[in-house]
Amino acid sequence: MTAYQSDFLRILSERGFIYQTSDDDALDKLFATESVTGYIGFDATATSLHAGSLIQIMMLHWMQQTGHRPITLMGGGTSMIGDPSLRDEARKLLTPADIDSNLAGIKQAFSSYLSFEEQGGSALMVNNADWLMDINYVEFLRDVGQHFSVNRMLSFDSVKLRLDREQSLSFLEFNYMILQAYDFTELNRRYDCRLQMGGSDQWGNIINGIDLGRRLDGSALFALTSPLLTTSSGGKMGKSASGAVWLNADMLGEYDFWQYWRNTEDADVERFLKLYTTLPMDEIARLGALQGAELNDAKQVLATEVTALLHGREAAEKAAETARVTFAEGQTAADLPTINIESAALDSGVGLLSLLVRAELVKSNGDARRGIKGGAVKVNDVSVADEKMVIDNSHCINDGAVKLSFGKKRHILVRKS
RNA sequence: GGAGGGAUUCCCGAGCGGUCAAAGGGGGCAGACUGUAAAUCUGCUGCAUAUUGCUUCGGAGGUUCGAAUCCUCCUCCCUCCA
């Protein structure tokens with residue numbers, strides 16, 4: 001590990017954010033001597049980002065914390081085309097209205113980590129639709145296209161892998177790296193942006209931007225990539241039992257978000273504390289050194305800290321308390337995720353199967369049946385064997401609510417409305 | 001333009017007229033063991049008004065008592081030749 005002079009790179013380095021940079025020394029010098037503007041691009045394909053993007057967001061966060069200016073580049077323009085690598089789904093083209101609402105949803109999460117200009121901070125959010133939508137094809141080819149060598153583009157891993165594997169690569173996708181490179185130069189022109197960050201899979205694209213910047217404007221641009229994140233057992237970041245770990249509270253509640261981090265694998269705890277929390281390094285070292293069951297304490301700290309950054313300290317502690325009551329005491333906490341149901345329905349009784357589906361604990365009646373057969377379903381902490389069970393008012397014993405559980409970890413309260 | 005090969009359930013991949021809701025693996029979920037961990041073992045993994053019915057094997061037709069499997073046309077992908 002290089003001994004960096006600048007705060008920004010030193011912090012990123014000791015916390016494990018850095019996979020590679022285009023020019024360690026020059027970049028370090030730049031960050032040590034002036035306030036730098038850097039950016040990361042995000043897709044606008046969903047209404048919320050998920051935990052997989054958190055590492056990028058944290059890099060921007062540290063950038064701002066160390067006195068620099070982060071830019072979040074929203075792919076409003078590139079999303080118009082749709083990422084071809086998503087195959088089937090990519091056929092559905094997003095409408096401008098979709099993209100706008102997605103951008104609004106995504107911005108929600110960012111404002112927890114970054115302080116934007118309208119809130120008196122330095123961070124910027126820009127949309128590449130602003131310049132990509134008006135491009136004139138022939139003009140663009142002449143100005144930008146002439147600087148790209150197809151020979152060289154073919155040598156990039158992202159392209160080579162596809163070709164080697166005999167997978168198709170559309171011309172559209174081939175152009176993606178050109179547009180991304182162009183984004184970088186455009187940000188450089190508009191905002192004096194000097195650095196692009198991203199996952200290590202973005203390396204080739206970022207390098208293209210650097211080259212283009214030098215050729216067009218003679219500017220010195222830099223790349224910094226983060227390691228691709230998987231859990232120690234090889235799983236993808238940001239997936240959980242019920243789907244993606246969304247950052248927006250209306251798509252994934254604080255309690256479920258907290259639970260995701262609480263269930264971190266042992267081997268990942270220290271790594272995640274460094275990446276996803278802002279705790280001081282010596283504190284992390286102490287937590288990471290815990291062994292066996294004690295490591296559970298570290299996991300709780302991890303969950304609470306990560307949740308606090310996103311949803312606020314109060315919500316995080318509430319989630320922690322709910323979890324404590326539910327798991328440590330085996331009680332029914334009043335703050336478990338809750339669904340409401342018409343009181344008339346409960347008066348006449350509701351089938352357990354359909355209730356489980358409504359609570360989104362399972363995805364179909366058949367799924368619910370299987371769960372019951374396998375002993376996974378509990379009503380008010382009592383195992384259920386009868387799939388025809390009907391839930392009515394007599395089951396509302398927890399403060400007027402019924403507690404449904406699927407497995408040991410997923411609980412939900414059903415209340416009358 | 002010519003010659004071949006291919007498209008199968010979430011993914012990879014078998015199947016090549018009935019016994020196919022479709023082998024095997026991966027992933028996922030649950031159970032056991034634990035520490036709300038990993039590893040391991042076991043079960044499940046299309047939908048439903050559920051000893052039955054319905055929808056699924058790129059798309060549309062056809063042959064047949066019966067098609068993922070055979071035929072025709074179409075779409076897309078790959079390889080080689082031009």
Side-chain angles (χ1 to χ4, degrees), chain A residues 84-91 161-173 230-245 255-273 287-304 306-307 319-333 336-337 349-354 356-378 381 383-390 404-412:
Chain A
S85 68
L86 295 176
R87 282 188 279 185
D88 297 352
E89 286 225 35
R91 312 282 157 170
L161 282 174
R162 295 285 283 280
L163 296 179
D164 288 350
R165 271 196 244 135
E166 301 191 351
Q167 291 171 332
S168 84
L169 177 78
S170 70
F171 182 66
L172 184 69
E173 193 166 13
T230 53
T231 63
S232 288
S233 48
K236 277 201 191 98
M237 265 319 279
K239 298 281 184 207
S240 79
S242 33
V245 181
Y255 172 77
D256 288 324
F257 186 80
W258 191 93
Q259 277 296 322
Y260 173 76
W261 297 99
R262 171 61 183 81
N263 286 313
T264 297
E265 293 167 31
D266 283 13
D268 291 326
V269 172
E270 186 167 356
R271 195 158 58 105
F272 285 3
L273 280 167
L287 289 167
L290 294 174
Q291 291 297 315
E294 288 194 331
L295 199 49
N296 280 337
D297 296 342
K299 291 184 188 180
Q300 286 175 34
V301 174
L302 172 68
T304 303
V306 176
T307 309
E321 176 61 13
T322 301
R324 195 187 63 77
V325 171
T326 305
F327 286 96
E329 298 178 11
Q331 299 292 308
T332 301
L336 281 174
V350 185
L352 175 59
L353 295 179
S354 59
L356 286 167
V357 174
R358 281 186 64 166
E360 293 182 350
L361 288 171
V362 297
K363 38 182 211 299
S364 69
N365 283 7
D367 208 8
R369 269 177 236 268
R370 280 176 228 121
I372 290 171
K373 218 173 283 174
V377 174
K378 289 183 184 153
D381 298 313
S383 285
V384 175
D386 176 19
E387 57 182 51
K388 295 214 168 72
M389 182 171 181
V390 172
L404 297 180
S405 310
F406 192 85
K408 294 197 192 85
K409 298 183 195 170
R410 297 158 63 198
H411 310 279
I412 199 158

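Letters A, B, ... are given to chains in the order of the sequence lines, protein chains preceding strands, and every chain is numbered from 1. Below, all heavy atoms of this structure are taken into account, side chains as well, without hydrogens, waters or symmetry copies.
- Comparing B:rG4 with B:rC71, their P atoms are spaced 14 Å from each other, to the whole Å.
- In the set B:rA37, B:rU49, B:rU36, B:rU49 carries the atom at the smallest distance from any side-chain atom of A:R369.
- Of all heavy-atom pairs spanning A:D381 and A:G330, the tightest one is OD2-O, 4.3 Å.
- Looking at heavy-atom distances under 4.0 Å, A:K299 makes contact with a base.
- Across all strands shown, B:rG27 pairs with B:rU45; the Watson-Crick or G-U wobble distances both stay below 3.5 Å.
- Pairing for B:rC76 goes to B:rG6, judged as Watson-Crick or G-U wobble with the two contacts each under 3.5 Å.
- Side chain of A:F406, nearest nucleotide from B:rG35, B:rA30, B:rC47: B:rA30.
- Both A:G371 and A:W258 lie close to RNA chain B; mapped to their nearest nucleotides by heavy-atom distance, the more 5′-ward contact belongs to A:G371.
- With both pairing distances under 3.5 Å, B:rC33 is matched to nothing as a Watson-Crick or G-U wobble pair.
- Computed from coordinates, the A:E321 CD to B:rU36 C1' distance equals 16 Å when rounded to whole Å.
- Contacts of A:R370 with the nucleic acid, taken as non-hydrogen atoms under 4.0 Å apart, involve only primed sugar atoms and P, OP1 or OP2.
- For the pair A:I372 CD1 and B:rA30 P, the interatomic distance rounds to 15 Å; values are reported in whole Å.
- Taking a pair to require two hydrogen-bonding distances under 3.5 Å in either a Watson-Crick or a G-U wobble arrangement, B:rG18 pairs with B:rC65.
- No engagement by A:A328 is indicated, since no non-hydrogen atom pair under 4.0 Å with the nucleic acid exists.
- Looking at A:T304, A:V306, A:N296, A:T307 one by one, the single match for side chain to side chain contact (heavy atoms under 4.5 Å, CB included) with A:R262 turns out to be A:N296.
- Atom-to-atom, CD of A:E294 to C1' of B:rU36 comes out at 17 Å; the value is rounded to the nearest Å.
- The interatomic distance linking A:K363 (NZ) with B:rC29 (C1') rounds to 8 Å, in whole Å.
- Rounding to whole angstrom units, CG of residue A:D367 and P of B:rC10 are separated by 14 Å.
- Residue A:K409 places at least one side-chain N or O closer than 4.0 Å to OP1 or OP2 of B:rA37.
- Using a 4.0 Å heavy-atom distance criterion, A:Q259 is classed as a base contact.
- Remark: the separation of the C1' atoms in B:rG43 and B:rC33 is 16 Å, to the nearest Å.
- Among the nucleotides B:rC47, B:rU36, B:rU34, the one closest to the side chain of A:S364 is B:rC47.
- Taking the P atom of each, B:rA67 and B:rU19 are spaced 10 Å apart, rounded to whole Å.
- Here the side chain of A:N365 is nearest to one of B:rU49, B:rG35, B:rC47, namely B:rU49.
- Between A:W261 and A:A303, the shortest heavy-atom distance links the atoms CB-CA, 3.6 Å.
- The pair A:D268-A:R271 meets the salt-bridge criterion, with a side-chain N (NZ, NE, NH1 or NH2) lying under 4.0 Å from an Asp/Glu carboxylate O.
- Nucleic acid contact class of A:G366 (heavy atoms, under 4.0 Å, all strands): base.
- Atom CG of A:N263 is separated from atom C1' of B:rC29 by 14 Å (rounded to the nearest Å).
- Spacing of P atoms, B:rA7 relative to B:rC57, comes out at 14 Å, to the nearest Å.
- A:T326 comes within contact range of no nucleotide atom at all, as no heavy-atom separation falls under 4.0 Å.
- Considering only side-chain atoms of A:K408, the nucleotide from B:rG35, B:rU34, B:rU45 that sits closest is B:rU34.
- As rounded to the nearest Å, B:rG59 and B:rU8 have P atoms that lie 10 Å from one another.
- Of the C1' atoms belonging to B:rG61 and B:rC11, the separation is 31 Å, rounded to the nearest Å.
- In this entry the distance linking NZ of A:K378 with C1' of B:rC29 reads 16 Å, nearest Å.
- Note that the CG atom of A:L287 and the CG atom of A:L302 stand 9.5 Å from one another [nearest 0.5 Å].
- Of the candidates A:V390, A:V357, A:V384, A:V384 is the only one forming a side chain to side chain contact (heavy atoms under 4.5 Å, CB included) with A:L352.
- Candidate nucleotides B:rU36, B:rC29, B:rA37 were compared by shortest atom distance to the side chain of A:E265, and B:rA37 ranks first.
- A:H411 NE2 to A:T326 OG1: the interatomic distance, rounded to the nearest 0.5 Å, is 6.0 Å.
- For B:rA23 and B:rG13, the C1' atoms lie 10 Å apart once the distance is rounded to whole Å.
- Regarding A:K373, its NZ atom lies at a distance of 11 Å from the C1' atom of B:rU51, rounded to whole Å.
- Along RNA chain B, the nucleotide nearest A:K388 and the nucleotide nearest A:Q291 are compared for position; the residue whose nucleotide lies closer to the 5' end is A:Q291.
- B:rG46 and B:rA39 have their P atoms separated by 24 Å, with the value rounded to a whole Å.
- Comment: A:D256 does not engage A:R410 in a salt bridge, judged by the lack of any side-chain N to carboxylate O separation of less than 4.0 angstrom.
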